[in-house]
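Have a look at the structure below, then the notes.
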Protein chains: 2
Amino acid sequence: MYSSANVSERQAQAPSLAISTVIFALRTDPGTGRSEIWLPLVRRIRQPHLGKWALPGGPLGGRESLQDAAARNLRETTKLEPTYLEQLYAFGGLDRSATQRLVSIVYWALVRPEQADLARESENVRWFRASDAAGLAFDHDEIVAYALERLRGKIEYGSVAYHFLGARFTLAQLRGVYEAVLGRHLDPANFRRQLRSARDIAATDEVLQGGRNRPPRLYTYTGPDQEAPSPGPAPRLPAEGQSAGPPS
Amino acid sequence: MYSSANVSERQAQAPSLAISTVIFALRTDPGTGRSEIWLPLVRRIRQPHLGKWALPGGPLGGRESLQDAAARNLRETTKLEPTYLEQLYAFGGLDRSATQRLVSIVYWALVRPEQADLARESENVRWFRASDAAGLAFDHDEIVAYALERLRGKIEYGSVAYHFLGARFTLAQLRGVYEAVLGRHLDPANFRRQLRSARDIAATDEVLQGGRNRPPRLYTYTGPDQEAPSPGPAPRLPAEGQSAGPPS
DNA sequence: CCAAAAGTGTTTGGATTACACCCATGG
DNA sequence: CCATGGGTGTAATCCAAACACTTTTGG
């Protein structure tokens with residue numbers, strides 16, 4: 001048994017551990033019709049950084065895995081059910097929080113548009129365009145930037161793009177996902193071919209009616225739910241500098 | 001202030017946090033002359049898994065970043081100075097340790113051959129061929145496998161290969177690194193060209209004397225010490241299953 | 001001179017790019 | 001019938017693999 005002083009000394013030394021999640025969804029700009037990346041943030045209701053926007057997160061329970069903790073917390077704070085969830089990075093710089101030593105294991109998630117529309121905003125949850133998410137609490141600006149970088153990397157090799165969309169989608173919608181994430185225009189003809197070979201999608205016999213032009217065919221994703229084993233190059237090093245905090 | 005019961009309850013709930021490192025070095029097989037991947041392991045001197053071999057690791061100090069903790073611990077347990085150090089993954093499955101809830105933030109490191117030779121084995125530190133590292137404590141088998149996967153991925157895009165070698169090296173030595181990591185033969189002619197374009201190496205005006213054949217030119221690495229910013233595809237998902245531990 | 005690795009040149013096939021062209025629909 | 005995006009075809013280009021060939025050393 002420890003004395004009370006001994007215990008509080010140990011607690012001061014032992015960094016506290018939290019799980020946070022960067023959640024991405026796509027929204028279509030009503031004006032241009034282009035897809036854009038959005039993410040939900042929660043308002044800080046206590047110090048430090050009271051009132052600022054921050055990533056949803058919370059402590060790690062004793063009876064749940066890291067991924068379970070991320071999923072649970074994400075559900076509790078934003079009411080969202082992700083279709084994709086993956087660990088991003090563990091942030092543990094000394095200067096992350098002014099009031100305590102804090103280690104955050106951060107996940108990133110994708111949710112479908114229905115979810116994003118359904119989860120309406122409340123006083124303490126608001127959606128932001130990814131490009132507008134600045135001035136966040138703690139080091140969350142940099143965490144979001146790193147998550148976007150990972151998303152870009154992963155969409156080129158892996159099959160995460162489908163997790164932004166529903167069960168049936170047109171190739172134009174899928175291309176919209178790629179264009180939003182990569183930030184550049186893609187040739188429709190070549191895009192089609194690149195997917196037909198190697199990517200796991202299948203054409204249905206349905207088409208999407210109601211548009212102004214020729215009705216596009218609908219496709220479905222046939223791959224595994226949470227990503228197949230797949231080597232492929234590694235992510236950019238999120239250097240903690242020599243002894244500092246988050247990715248640069 | 002908490003009561004003693006309250007405190008121990010909290011400690012039971014709060015998972016403890018440790019930092020471990022997978023250290024890779026290259027050794028040349030005296031027989032075949034081929035390079036092979038080796039790693040140092042430490043013997044467990046307490047329960048659980050007493051006597052088994054495990055990754056070097058220890059608790060996270062309150063006044064050091066995650067990366068500093070990894071570097072310090074690596075130095076203390078194996079006397080090695082890494083030339084490369086990067087975070088691998090945070091492992092936090094429920095069944096990782098029988099005696100306590102344990103979250104490990106794992107790093108991976110590369111050291112030069114001199115270091116690996118210098119750091120002679122002791123009673124509680126021994127080097128193993130990567131392919132022979134099985135039956136380790138905890139989930140360290142899987143962690144080593146995942147680190148190897150990351151190494152493979154990173155060597156193809158990034159410039160980590162140089163961190164296995166000294167300041168001056170021949171292209172044959174460098175090719176040996178790639179062949180050891182990727183596990184397949186590479187065409188010397190094509191290998192040369194791939195490096196000359198884009199990779200950051202420069203030829204010196206020296207050659208390596210003493211071989212049986214034509215003396216090869218020596219090259220130096222001109223890139224940044226700890227890796228340049230570089231997007232590139234993302235790593236394989238180390239799925240924790242739906243709620244379980246380490247990568248599958 | 002021979003073996004073997006260092007180093008250069010050339011050919012080839014596959015993948016990516018750019019873009020011309022036809023198809024189907026709403027207005 | 002025209003504008004627009006859906007969808008197909010094709011030539012130009014780039015890149016990586018395969019391999020022939022020359023160079024330079026030790027024995």
Side-chain angles (χ1 to χ4, degrees), chain A residues 28-35 152 155-157 161 165 168-180 182-220 230-233, chain B residues 28-29 31-35 152-153 155-158 161 165 168-199 201-220 231-233:
Chain A
T28 307
D29 182 297
T32 67
R34 269 206 273 277
S35 295
R152 275 190 286 272
I155 208 173
E156 296 197 270
Y157 175 87
L165 300 171
R168 288 161 196 284
F169 49 86
T170 69
L171 288 187
Q173 289 169 339
L174 185 59
R175 181 162 48 86
V177 175
Y178 278 82
E179 291 183 338
L182 299 177
R184 67 166 187 270
H185 172 77
L186 298 176
D187 184 300
N190 295 329
F191 181 77
R192 168 182 312 273
R193 262 184 297 264
Q194 284 172 346
L195 291 185
R196 302 280 279 211
S197 69
R199 303 290 200 216
D200 14 41
I201 65 172
T204 69
D205 48 3
E206 303 170 71
V207 294
L208 179 63
Q209 301 288 0
R212 288 183 264 313
N213 311 313
R214 170 173 171 176
R217 183 170 296 277
L218 288 168
Y219 293 80
T220 59
S230 52
Chain B
T28 307
D29 183 296
T32 67
R34 269 207 272 276
S35 295
R152 274 190 287 272
I155 208 174
E156 296 197 272
Y157 175 86
L165 300 171
R168 289 162 196 284
F169 49 86
T170 69
L171 289 187
Q173 289 169 341
L174 185 59
R175 183 162 47 87
V177 175
Y178 277 81
E179 291 183 337
V181 171
L182 300 178
R184 66 165 188 270
H185 173 77
L186 297 175
D187 184 297
N190 295 331
F191 182 77
R192 169 183 309 274
R193 259 184 298 264
Q194 285 172 345
L195 291 185
R196 302 280 281 213
S197 69
R199 304 289 200 216
I201 66 172
T204 69
D205 49 3
E206 302 168 71
V207 293
L208 180 63
Q209 302 287 1
R212 290 185 263 313
N213 311 312
R214 170 172 172 177
R217 184 170 296 276
L218 288 167
Y219 292 79
T220 59

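In the text below, chain A, chain B and the rest are named by the order of the sequence lines, each starting its count at 1.
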Exercise for the section: Please confirm whether the backbone N or O of B/Gly176 pairs with a side-chain atom of B/Arg34, one donor and one acceptor, at under 3.5 Å? Expected result: no
Problem - Beyond-backbone contact of B/Thr220 with B/Ile201, side-chain heavy atoms, under 4.5 angstrom - result: no
Exercise for the section: Decide yes or no for B/Thr170 and B/Leu218: does some side-chain heavy atom of the first lie under 4.5 Å from some side-chain heavy atom of the second? Expected result: yes
Measure the distance from [atom1] on [X] to [atom2] on [N] and round it to the nearest whole Å.
X: B/Leu171; N: C/dG7; atom1: CG; atom2: P; value: 6 Å
X: B/Leu174; N: C/dA6; atom1: CG; atom2: C1'; value: 15 Å
X: A/Arg217; N: D/dT8; atom1: CZ; atom2: C1'; value: 14 Å
X: A/Leu218; N: D/dG6; atom1: CG; atom2: P; value: 12 Å
X: B/Arg196; N: D/dC15; atom1: CZ; atom2: C1'; value: 18 Å
X: B/Arg175; N: C/dG7; atom1: CZ; atom2: P; value: 11 Å
X: A/Glu179; N: D/dG5; atom1: CD; atom2: C1'; value: 13 Å

Practice task
May I ask you to say what A/Arg193 touches in the nucleic acid, namely base, sugar-phosphate or nothing, with a heavy-atom cut-off under 4.0 Å?
Solution key: base
Exercise for the section: Go through residues 181-192 of chain B and report each residue with a non-hydrogen atom lying under 4.0 Å from DNA chain D, sorted by number. Expected result: B/Asp187, B/Ala189, B/Asn190
Practice task
Would you please test B/Leu182 and B/Glu156 for side chain to side chain contact (heavy atoms under 4.5 Å, CB included) and show each step?
Solution key: CA-CA 9 Å; B/Leu182 300 178; B/Glu156 296 197 272; 3.9 Å; yes
Problem - Non-hydrogen atoms of B/Leu171 and B/Phe191 that approach each other most closely - result: O-CE2, 3.7 Å
Practice task
Provide the closest heavy-atom pair for A/Tyr178 versus A/Leu186 in the form atom of the first, atom of the second, distance.
Solution key: CB-CD1, 3.5 Å
Completion exercise
Taken to the nearest 0.5 Å, the spacing of A/Arg192 CZ from A/Tyr219 OH works out to 5.0 Å
Practice task
Look up atom CZ in A/Arg217 and atom CG in A/Leu208, then write down how far apart they are to the nearest 0.5 Å.
Solution key: 12.0 Å
N/O to N/O distances under 3.5 Å, protein versus nucleotides 24-27 of chain D:
| unit_1 | atom_1 | unit_2 | atom_2 | d |
| --- | --- | --- | --- | --- |
| D/dG26 | O4' | B/Arg212 | O | 2.6 |

Practice task
Enumerate the residue pairs fulfilling salt bridge (Lys or Arg N to Asp or Glu O under 4.0 Å) with a member in residues 173-189 of chain B, sequence neighbours excluded, ordered by first and then second residue.
Solution key: B/Arg175-B/Glu179
